[in-house]
Number of protein chains: 2
Amino acid sequence: MTQLAEKYDVFQAIADPTRRHVLQLLAASDKPITHISEHFAISRTAVVKHLKILEQAELVSAKKKGREKIYTLHVERLKEIEDWLQYFDLFWDNKLAQLQNFVEKE
Amino acid sequence: MTQLAEKYDVFQAIADPTRRHVLQLLAASDKPITHISEHFAISRTAVVKHLKILEQAELVSAKKKGREKIYTLHVERLKEIEDWLQYFDLFWDNKLAQLQNFVEKE
DNA sequence: ATTTTATAATACCTTATGGTTGCATGTCAA
DNA sequence: TTGACATGCAACCATAAGGTATTATAAAAT
């Protein structure tokens with residue numbers, strides 16, 4: 001979290017439950033930091049660190065508005081995960097087919 | 001990795017590139033540890049630790065066959081991720097609609 | 001019976017992760 | 001112009017993560 005790592009990818013970003021929750025909050029609407037951190041039991045500083053990681057993964061971005069910093073979700077970035085999962089769809093379908101075959105033979 | 005953590009979930013499991021690669025290898029066919037670790041530059045011990053994490057996430061399981069331990073993928077477990085992503089589909093569709101709206105007005 | 005192969009178990013190391021507190025700075029409202 | 005509010009930043013901390021190397025054990029093959 002001590003953002004020494006130069007780049008966080010989407011898979012690492014969604015590994016943490018807090019970060020997944022943040023993404024869902026932002027899906028509903030753009031939000032400033034304070035508003036986001038109110039949803040968690042951890043400190044604001046900790047939430048900010050999570051936001052930075054999400055930012056590095058380009059899952060969110062922020063724009064300053066007065067004294068607030070408003071975060072926005074970039075849903076499109078989740079496609080990277082969907083794409084990876086798609087690789088397994090083939091095998092998933094195979095499993096279903098095997099099952100169907102088994103049922104038919106009964 | 002020092003499997004002190006009692007439970008790894010699917011999201012944590014797929015966060016690591018090596019583990020994602022292992023899953024793809026196993027998608028093709030069941031494999032014993034040695035065969036799997038041949039695909040990586042890291043030590044067999046390290047690969048085994050990754051396999052244990054995948055096992056905890058129930059993404060794979062193993063059965064002993066003679067002196068070999070053969071690992072099998074459980075694709076179904078990836079559904080958990082698909083389900084989570086589905087939550088965002090709505091917002092993704094909204095984005096597309098907005099874009100379409102924008103294009104039409106031009 | 002001995003060697004080879006496949007895995008298991010342990011100890012150890014370095015860096016990343018997720019969190020904290022305290023203090024500084026910028027901005028809006030009275 | 002003085003608080004109050006929103007954020008920024010630095011230092012620090014404990015534990016998890018990812019890796020290594022070494023030694024032990026079980027099963028095949030010679």
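No hydrogens, no waters, no symmetry mates; every other heavy atom, side chains included, goes into these values. Chain A is the first sequence line, chain B the second, and so forth, proteins listed ahead of strands; every chain is numbered from 1. It should be emphasised that the depicted structure is a prediction, and the values quoted were computed from it without experimental measurement.
The distance from atom CG of A:Asp9 to atom P of C:dA16 is 15 Å, rounded to the nearest whole Å. Atom pair A:Ile42:CD1 and C:dT20:C1' shows a separation of 11 Å (rounding to whole Å applied). Rounded to whole angstrom, the span from the CD atom of B:Gln56 across to the C1' atom of D:dA17 amounts to 13 Å. Counting to the nearest Å, the P atom of C:dT17 and the CG atom of B:Asp16 are 11 Å from each other. Rounded to an integer number of Å, the gap from A:Lys49 NZ to D:dT7 P is 17 Å. Atom pair B:Lys7:NZ and D:dA16:P shows a separation of 17 Å (rounding to whole Å applied). One interatomic measurement links the two molecules: CD1 of B:Ile14 to P of D:dA17, which rounds to 15 Å at whole-angstrom precision. At whole-Å resolution of the value, NE2 in A:His50 and P in C:dT17 are 11 Å apart.
Tested against A:Tyr71 for a side chain to side chain donor-acceptor pair (under 3.5 Å), the candidates A:His35, A:Glu55, A:Lys63 yield a single pass: A:Glu55.
With the nearest nucleotide of DNA chain C identified for both A:Ser43 and A:Gly66, A:Ser43 has the one nearer the 5' end.
One finds a side-chain N or O of A:Tyr8 lying less than 4.0 angstrom from the OP1 or OP2 phosphate oxygen of C:dT17. The shortest distance between the side-chain N/O atoms of B:Gln12 and the OP1/OP2 oxygens of D:dA17 is below 4.0 Å.
From A:Leu59, atom CG reaches atom CG of A:Leu23 across 5.5 Å, with rounding to the nearest 0.5 Å.
Side chain of A:Lys31 to backbone of A:Leu25: a donor-acceptor contact under 3.5 angstrom is found. No donor-acceptor pair closer than 3.5 Å links the side chain of A:Arg19 to the backbone N or O of A:Leu51.
A pairwise comparison of heavy atoms in B:Leu73 and B:Ala27 identifies CD2-CA, 3.6 Å as the closest pair. The minimum heavy-atom distance between B:Ser61 and B:His74, with the atom names listed, is OG-NE2, 2.8 Å. B:Glu58 and B:Arg77 get closest at one heavy-atom pair: O-CG, 2.9 Å.
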Worksheet item: Reading nucleotides 4-9 of chain C from the 5' end, what letters show protein touch, with B for base, S for backbone sugar-phosphate only, - for no heavy atom under 4.0 Å?
Response: BBSBBB
